[in-house]
Engineer: 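Okay, handing you the structure first.
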Amino acid sequence: VVVARRAPRPVGFAGANANADTGGRALALGLACVVLGLAIVSAGLPMLADSKASAALAVSNDASEAELERAAAQADLAARLDPTAVRALLAAAAIEQGRGRLIDAQRYLLQAVRRQPYNSAAWERLLRLALATADRPGAQAATRRLLELDPRGTPARALAGRLVLFRAPA
């Protein structure tokens, strides 16, 4: 019976290569974990932001001031969590408009149209607010943009008609 045994490796140059190879694998594994973690976070933040925006919109205008303040804070947080979406900004604008804070509502709507200049819903909300606050230049600019985005849309044409009536002398 012949038994073969492996000869022990000398600790010279080959041992250093084995340690470098193990270190490289550990570095690659660590980098892969970081990339995977970033992918999970980047996918999760928009969902969290959407959830916060939905929660903010669920609060009615006849809620207490404390509830409205919490809803406004949730909408603001959602807007910061997802810097490309406008849903949270539209929610914040609705809350502020319901609270009678029209300047704050306008600020949120202007942020929304800057984030998504092709979003006709954001332009329509901005136009409605401009008409409600008698902001003629703002209403004219919002009307032009809304009609560029949605020339055949019924809300766009109806609001443009209100602007014509708004501009007519009494």
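Just so we're clear, the structure is a prediction, and the values are computed from it rather than from any experiment.
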Engineer: Please list all pairs passing the salt bridge (Lys or Arg N to Asp or Glu O under 4.0 Å) test where one or both residues lie in residues 113-124, with sequence neighbours left out.
Structural biologist: Glu124-Arg128

Engineer: What distance do Leu89 atom CG and Leu109 atom CG have between them, rounded to the nearest 0.5 Å?
Structural biologist: 8.5 Å

Engineer: Whether the side chain of Gln106 engages the backbone of Leu126 through a donor-acceptor N/O pair (distance < 3.5 Å, no angle test) should be reported.
Structural biologist: no

Engineer: Taking Leu90 as the starting point, is it possible to reach Leu131 by hopping between hydrophobic residues whose side chains are less than 4.5 Å apart?
Structural biologist: yes

Engineer: So, does Trp123 use its side chain to make a donor-acceptor pair with the main chain of Pro117 at under 3.5 Å?
Structural biologist: yes

Engineer: Answer whether the closest heavy-atom distance between the side chains of Tyr118 and Arg145 falls below 4.5 Å.
Structural biologist: yes

Engineer: Are the side chains of Arg70 and Gln74 in contact, using a 4.5 Å heavy-atom criterion?
Structural biologist: no

Engineer: How far does CD of Gln97 sit from CG of Leu129, to the nearest 0.5 angstrom?
Structural biologist: 5.0 Å

Engineer: When rounded to the nearest 0.5 angstrom, what is the spacing between CD in Gln140 and CG in Asp135?
Structural biologist: 9.0 Å

Engineer: What pair of heavy atoms forms the shortest contact from Gly138 to Ala130, and how long is it?
Structural biologist: C-CB, 3.9 Å

Engineer: For Leu127 and Ala139, which heavy atoms make the closest approach, and how far apart are they?
Structural biologist: CD1-O, 3.3 Å

Engineer: According to side-chain contact (heavy atoms from CB on, under 4.5 Å), who are the partners of Arg101, at least two apart in sequence or on a separate chain?
Structural biologist: Glu65, Glu69, Glu96, Arg99, Asp104

